[in-house]
Amino acid sequence: MPPRIPNTIPSIADRCLSQPCLQSKASFSTTASRPRFTQSRLRFRNWINGPGSIYRKNIPGETNYLQVGFELIRKNRNRPFPLNPQFISEPVLDDRARELIWEKVMREGETIKAVSAELGVDIRRVAAVVRLKEVEKDWIAKGQKLAKPYARAVLSMLPTHTFRADQQNVPFEPINELHVHPYTMKQIFWPTSESRHFTRADAAKAFHTKLLSADERVPHPELIQMEKEVLQGRPLWDASERFKQAAMESERKAADKELAKAARDEKHTTRVHTKRFEFRFKQINAENVGPKGRARDAVGWRYGAPYYDRARGEIKIPTSVP
């Protein structure tokens with residue numbers, strides 16, 4: 001009986017002689033691919049060469065966002081997404097405005113709160129502008145090149161806001177907004193007398209005994225005091241000067257508090273310098289964990305004490321009102 005498996009396997013050339021042989025594909029090819037456009041890319045090229053040609057270059061000082069129709073350009077000039085009309089592109093500070101903020105704080109010696117109230121810029125934004133301007137001027141002093149052309153190109157395509165010195169400028173943004181405190185997110189029925197004047201301080205104490213009132217938690221509590229003095233008949237220029245003095249005193253107290261905290265931490269810190277690193281050691285008492293073992297200044301307060309907010313049988317509804 002002949003063997004079912006042949007002893008020799010025919011080569012590729014022998015098989016090609018007996019039957020049509022297909023050309024084997026190489027694992028790679030150096031031949032350039034044929035230029036081929038997909039349907040989406042072809043439609044885009046037709047649009048960009050036709051109605052979309054107006055978006056190739058923007059008008060300096062104006063936005064060039066995609067619009068639904070040409071008649072809505074003025075109406076939707078600050079809405080970059082046609083399918084999301086609720087999103088509005090907010091303006092940014094131009095280079096002149098940032099330079100003015102830096103000069104007022106660093107050269108003229110005005111406080112951050114005073115500059116924020118005068119120009120209508122948030123305190124955090126004023127501080128960020130001053131820090132970034134300091135970095136920029138340090139790079140210029142060291143001879144490092146800045147991407148000025150890129151910055152000008154980006155600012156020319158965005159809505160911008162500027163200020164002029166010694167003039168009454170339009171505020172850039174709200175500066176005295178009050179952030180929602182977690183203590184105020186709960187619903188409370190608080191009985192009070194109708195003849196009693198219920199103030200913001202009373203409302204804060206109703207939510208929590210240590211919660212400050214809205215007048216004290218806003219970024220500019222000195223502005224509220226200034227407006228009260230103006231309503232009582234004090235001249236505006238006098239109330240403005242008193243506001244600047246109060247803002248300077250507030251920042252001085254905050255700076256002294258930070259310096260005292262840094263000095264206190266440095267007193268309880270032992271530094272060990274090596275060739276590559278600096279090790280810092282502090283004296284810690286692991287027993288100071290608070291009455292419930294969850295004190296925020298305790299060692300490892302995030303570990304070892306499980307939360308029972310998702311455990312079964314636990315009472316999650318408040319049983320008392322502070």
Side-chain angles (χ1 to χ4, degrees), residues 37-105 112-133 135-136 146-182 184-185 214 217-220 223-224 227:
F37 294 103
T38 62
Q39 191 70 19
S40 300
R41 188 176 181 185
L42 183 60
R43 288 199 303 267
F44 171 76
R45 289 177 64 89
N46 294 334
W47 176 81
I48 198 64
N49 292 327
S53 59
I54 61 174
Y55 297 104
R56 287 183 177 271
K57 293 184 179 180
N58 70 300
I59 302 176
E62 294 188 7
T63 59
N64 199 27
Y65 297 145
L66 184 65
Q67 307 296 335
V68 178
F70 294 102
E71 70 278 358
L72 301 177
I73 290 180
R74 286 297 175 184
K75 182 179 179 181
N76 298 335
R77 59 188 303 269
N78 290 337
R79 290 176 169 83
F81 306 111
L83 299 181
N84 186 11
Q86 302 301 326
F87 181 86
I88 300 177
S89 178
E90 298 293 342
V92 298
L93 295 175
D94 62 354
D95 191 65
R96 177 190 295 179
R98 296 194 296 267
E99 187 70 23
L100 179 62
I101 291 175
W102 179 83
E103 288 181 356
K104 284 181 172 294
V105 175
I112 293 179
K113 283 190 174 183
V115 175
S116 173
E118 178 185 355
L119 301 179
V121 183
D122 190 84
I123 294 179
R124 296 165 298 180
R125 196 182 304 275
V126 173
V129 167
V130 173
R131 288 195 296 265
L132 291 178
K133 273 294 180 180
V135 174
E136 177 183 337
L146 304 179
K148 287 292 186 179
Y150 174 77
R152 286 194 296 267
V154 172
L155 288 177
S156 65
M157 294 183 290
L158 294 175
T160 57
H161 190 93
T162 188
F163 299 119
R164 296 186 180 275
D166 301 330
Q167 292 186 9
Q168 186 68 27
N169 297 283
V170 179
F172 177 67
E173 59 188 342
I175 62 173
N176 232 11
E177 287 188 342
L178 186 63
H179 295 277
V180 179
H181 198 279
T184 62
M185 296 296 293
R217 289 193 294 119
V218 292
H220 290 276
L223 278 179
I224 299 177
E227 293 296 335

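Shortest non-hydrogen contact noted between Ser156 and Ala153 is OG-O, 2.6 Å. Considering all non-hydrogen atoms of both residues, Ser53 and Gly50 come closest at OG-O, 2.9 Å. Taking each heavy atom of Ala127 and Ile112 in turn, the nearest pair found is CB-CD1, 4.4 Å.
At least one donor-acceptor pair closer than 3.5 Å links the side chain of His161 to the backbone N or O of Val170. Between the side chain of Arg79 and the main chain of Pro85, a donor-acceptor pair closer than 3.5 Å is present. In this structure a side-chain-to-backbone donor-acceptor pair under 3.5 Å is present from Ser116 to Val121. Remark: side-chain polar atoms of Asn169 are paired, donor with acceptor, to backbone N or O of Arg164 under 3.5 angstrom.
Atom CD of Glu99 is separated from atom OG1 of Thr162 by 11.5 Å, given to the nearest 0.5 angstrom. Note that OH of Tyr65 is 9.0 Å distant from CE of Met157, once rounded to the nearest 0.5 Å.
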Show which side-chain atoms of residues 172-179 pair as donor or acceptor with protein atoms under 3.5 Å away, not counting sequence neighbours.
{"from": "Glu173", "atom 1": "OE1", "to": "Arg125", "atom 2": "NH2", "distance (Å)": "3.1"}
{"from": "Glu173", "atom 1": "OE2", "to": "Asp122", "atom 2": "N", "distance (Å)": "2.8"}
{"from": "Glu173", "atom 1": "OE2", "to": "Arg125", "atom 2": "NE", "distance (Å)": "2.8"}
{"from": "Asn176", "atom 1": "OD1", "to": "His220", "atom 2": "N", "distance (Å)": "2.8"}
{"from": "Asn176", "atom 1": "ND2", "to": "His220", "atom 2": "O", "distance (Å)": "3.4"}

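Evaluation of the salt bridge (Lys or Arg N to Asp or Glu O under 4.0 Å) test over residues 80-95, restricted to residues two or more places apart or in two chains, returns Asp95-Arg98, Asp95-Lys133.
In the displayed structure, Arg217 atom CZ is contacted under 6.0 Å by more than 12 heavy atoms of other residues, nucleotides or ligands.
Listed by chain and number, the residues in a side-chain hydrogen bond (donor to acceptor under 3.5 Å, both in side chains) with Arg56 are Asn49 (sequence neighbours excluded). Under the ring-ring contact (aromatic ring centres under 6.0 Å, His included) criterion, Phe44 pairs with no residue at all, not counting sequence neighbours. With sequence neighbours excluded, no residue forms a side-chain hydrogen bond (donor to acceptor under 3.5 Å, both in side chains) with Thr184. Every residue was checked against the side-chain hydrogen bond (donor to acceptor under 3.5 Å, both in side chains) condition with Lys57, not counting sequence neighbours, and none meets it.
Using a 4.5 Å cut-off on side-chain heavy atoms (C-beta onward), Leu93 and Phe163 make contact.
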